[in-house]
**Q** 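Quick one: this structure, given as structure tokens, is what I'll be asking you about.
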Amino acid sequence: MTRQNSPIPAQDNRLTTNKQRASRRRWLDRLWYLLITSAGSSVIVALLAIFFYLGSEVLPLFKPVSVSTPQALAEPLPVATAPKLELPDNALLPEFEPAFVLSEPRQRYLLLAARHGEACLLDRTRAEQGCLQRLSLTDRTVDLTALVWLAGQRSLISGDSSGQLKQWFLLPDQQGQLRLSWVKPFSRRAAAIQTIAAEQGRSGFAVLDSAGNLSLFYANLTKPLWQGPAAVDTQPGELHFLPGNQRLLFSNASGQQQWLIDNRHPEISWRTLWQQVWYEGWQQPEYVWQTGSASAAVQGKYSLVPLTLGTLKAAFYAMLVAVPLAVLAALYTCCFLPEPLRSRLSQLIELLALFPTVIIGFLAAIWLAPALEQHLLALLCFFGLLPLLVFGLSWLWPRLPLSLQKLPGSGWELLLLLALLAAVGLLALYLGHALQLSLFDGSFRFWLNSQGIDYQQRNALLVGLAMGLAVMPLVYSVCFDVMSQIPRSLTLGASALGATPWQIIQRVILPLSVPGILAAVMLGLSRAIGETMIILMATGNTPITNFNLFEGLRSLTAALTIELPEAAVDSSHYRVLFLVAILLFVFTFTANTLADLLRQRLRRNFQRLDG
């Protein structure tokens, strides 16, 4: 009896091979898991690194002022003193004995101040006429002890024997005549003001009172940046800032002492960034972004309010154009067009997203801006006629023959709608031209200017139209995808129950699509906030604080693009631009995060429906 070969070894080999394959799959799965995890972690780390880098550049702006202990100088340093000013020989000043004589930059006007606080503004060219303005710089019961110009000689700081500090501006009146105007008081000192020293090239100043306390101020802030005991003798003396404003010198009969000061960015604070500030030479407090000037002594103005409002203004008008067009186009293509035409039209609209924004901005600045200026009234007429067209069609449609009412879904209605829109456009052009000639003397723009509405050729309306065109494909694409993912069983069930197409849209499609539409709007908003080239080319880049549709704007992105290459490294301007980048990062990150949360909610809703 012969013995057959056992199949057990072959089965063992197959089991071993399967185990090896399963082991390799596990190792591959672990490898891919590690790769994907590391890639996601690297993105998070990169975002955190960018944020921390931006923060490290911004933190020095808010570093507290530090002042060293006074150091006695073995050898006295030369100190520049202002030349003594002489009064004109023909000056008519009866019973006035000036203790302080100051001159404004053009050397035309003299400010004379007596010890008891009475001041006289004198015109050198008409000195024989006496004082142009007489005023009191102090209260009647105290004496004037210090009076100095700040850098630029547009602002005065006065100190009196009660410890009160006041700021005064030389401002022109309605006739163009300079007048000295009181602006604001500073925090009162504990003792009489002994001496005041103005910084060189900046609007800061140091104050020493008779009790031996030293204080550092900046003109935009009423509270001191730093205050403490001066630790010097009480003999009268003078304070002087040395070049660079990093050393403060005190000179009196006993010698000279100096303080080392670390005060690199005195003009930056949360108040100057986000509140109105009364700058030198301005008639009232304003939000101002003005980083460059022909004069080095002019204060830098770093209010972020104009840039933030400009960004939100451009995004608001762009979304006002893009969202209705995108949502309604997605509804139409998804719910009314047949399949071949639907896919082709959706692909054509999505291709608009590939159009370079620099080309859109170029066309808006070169072609659309002058055309919009010339036909502004026609555009307003078009927006007024469009609702009339919709209501007219809705009234006429039920009265048409049934053969024509079956037209939607065939594709021919697109040609009909385009023809109607073209006809309404031509009618709007005719009406705009006729109204402009008959009611507005041939120019609607000049009429707006005469009514106090400033019209600029490159304005927010132009940005809204151009950037709305750029944002619309993104919003449309997300809305179309969301509406296409609604389970067909729901729409077929509603149709079987007798619902009309509009009832299906209102009761089924729109309620389920709301989270997706909101996500699309948030993505479009993030895209509009981060847009640069269209805003650079289609606006006047004027940092103003209003939502006027016919005026320009400056956005956060435009300020970064224009000014960062020219900003001096480590300057206040340079570091404020990094703060602008952080603000832009926060805006876009918030919008993208909200969009992602809404998409997740939509996904959970669809999963419950499928289940």
Side-chain angles (χ1 to χ4, degrees), residues 316-333 335-337 345 348-349 352 360 363-364 367-401 404-405 407-408 411-451 453 455-473 475-476 501-502 505-506 538 547-551:
F316 172 75
Y317 288 122
M319 299 304 292
L320 201 62
V321 172
V323 171
L325 290 177
V327 174
L328 294 177
L331 276 174
Y332 179 73
T333 54
C335 302
F336 292 100
L337 282 184
L345 186 60
L348 180 62
I349 295 176
L352 292 176
I360 297 176
L363 293 176
W367 169 73
L368 186 58
L372 191 63
E373 180 182 9
Q374 184 178 0
H375 303 291
L376 177 61
L377 193 57
L379 179 65
L380 297 180
C381 291
F382 179 78
F383 288 148
L385 291 174
L386 200 58
L388 297 179
L389 174 65
V390 174
F391 289 130
L393 286 176
S394 63
W395 176 83
L396 180 63
W397 196 263
R399 293 166 175 77
L400 292 176
L404 293 178
Q405 292 184 22
L407 189 62
W412 289 100
E413 72 273 13
L414 279 178
L415 298 178
L416 176 61
L417 290 175
L418 290 176
L420 289 175
L421 287 176
V424 171
L426 292 175
L427 179 60
L429 282 174
Y430 174 77
L431 287 177
H433 182 69
L435 291 175
Q436 192 162 246
L437 291 177
S438 59
L439 299 179
F440 303 107
D441 297 329
S443 177
F444 184 59
R445 174 189 176 179
F446 290 157
W447 181 84
L448 287 175
N449 291 333
S450 66
Q451 299 300 314
I453 302 175
Y455 183 90
Q456 300 174 4
Q457 188 184 71
R458 300 186 180 185
N459 50 41
L461 177 60
L462 179 65
V463 173
L465 294 175
M467 198 156 65
L469 179 64
V471 173
M472 189 266 292
V475 181
Y476 168 84
W502 276 111
I505 291 175
Q506 295 174 0
F547 266 78
N548 186 359
L549 188 63
F550 304 124
E551 288 186 355

**Q** Within a reach of under 6.0 Å around CZ of F547, are more than 12 heavy atoms found that belong to other residues, nucleotides or ligands?
**A** yes
**Q** Can you find a pair of side-chain heavy atoms, one from F446 and one from Y455, that are under 4.5 Å apart?
**A** no
**Q** I need the H375 NE2 to L368 CG distance, nearest 0.5 Å.
**A**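 Taking NE2 in H375 and CG in L368, the distance rounds to 11.0 Å.
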**Q** Report yes if the side chains of L429 and H433 come closer than 4.5 Å at any heavy-atom pair, otherwise no.
**A**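 They are not in side-chain contact.
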**Q** Considering non-hydrogen atoms only, spot the tightest contact between M472 and L352 and give its length.
**A** CE-CD1, 4.4 Å
**Q** Heavy atoms, side chains only, cut-off 4.5 Å: are V321 and V471 in contact?
**A** no
**Q** Measuring only between side-chain heavy atoms, which start at C-beta, is T333 closer than 4.5 Å to Y476?
**A** yes
**Q** Could you tell me which residues satisfy side chain to side chain contact (heavy atoms under 4.5 Å, CB included) with L431, sequence neighbours excluded, listed by chain and number?
**A** C381, L385, L427
**Q** So F440 and F444, would you call those rings parallel, tilted or perpendicular, with 30° and 60° as cut-offs?
**A** perpendicular
**Q** What distance do N548 atom CG and Q456 atom CD have between them, rounded to the nearest 0.5 Å?
**A**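 The CG atom of N548 sits 8.0 Å away from the CD atom of Q456.
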**Q** Quick one: are L376 and L461 in side-chain contact, heavy atoms under 4.5 Å?
**A**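 Answer yes - side chains close enough.
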**Q** Using side-chain heavy atoms (C-beta onward) and a distance below 4.5 Å, is L372 in contact with L379?
**A**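 With C-beta onward as the side chain, the pair touches.
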**Q** Quick check: closest heavy atoms across P473 and I349, and the distance to 0.1 Å?
**A**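 Smallest interatomic distance, heavy atoms only, reads CB-O, 3.5 Å.
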**Q** Calculate, to the nearest 0.5 Å, the distance between atoms CZ and CG belonging to F382 and L421 respectively.
**A** 5.5 Å
**Q** Under 4.5 Å between any side-chain heavy atoms of E551 and N459, yes or no?
**A**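 No. Closest side-chain heavy atoms not under 4.5 Å.
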**Q** Who are the side chain to side chain donor-acceptor pair (under 3.5 Å) partners of Q506, not counting sequence neighbours?
**A** none
**Q** Pick out which of L549, L462, L465 makes a side-chain contact (heavy atoms from CB on, under 4.5 Å) with Y317.
**A** L549
**Q** Look up atom CD1 in I360 and atom CG in L363, then write down how far apart they are to the nearest 0.5 Å.
**A**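 One finds 8.0 Å between CD1 of I360 and CG of L363.
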**Q** G468 and A322: which non-hydrogen atoms are nearest, and at how many Å?
**A**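 Closest approach of G468 to A322, heavy atoms only: O-CB, 3.5 Å.
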**Q** What closest approach, in Å, do P324 and M319 show between heavy atoms, and which atom pair accounts for it?
**A**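 Closest approach of P324 to M319, heavy atoms only: CD-O, 3.7 Å.
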**Q** Does I453 reach the side chain of F550, with side-chain heavy atoms less than 4.5 Å apart?
**A**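 Contact flag for I453/F550 side chains = yes.
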**Q** Output the distance between atom CZ (F316) and atom CG (L320), rounded to the nearest 0.5 Å.
**A** 5.0 Å
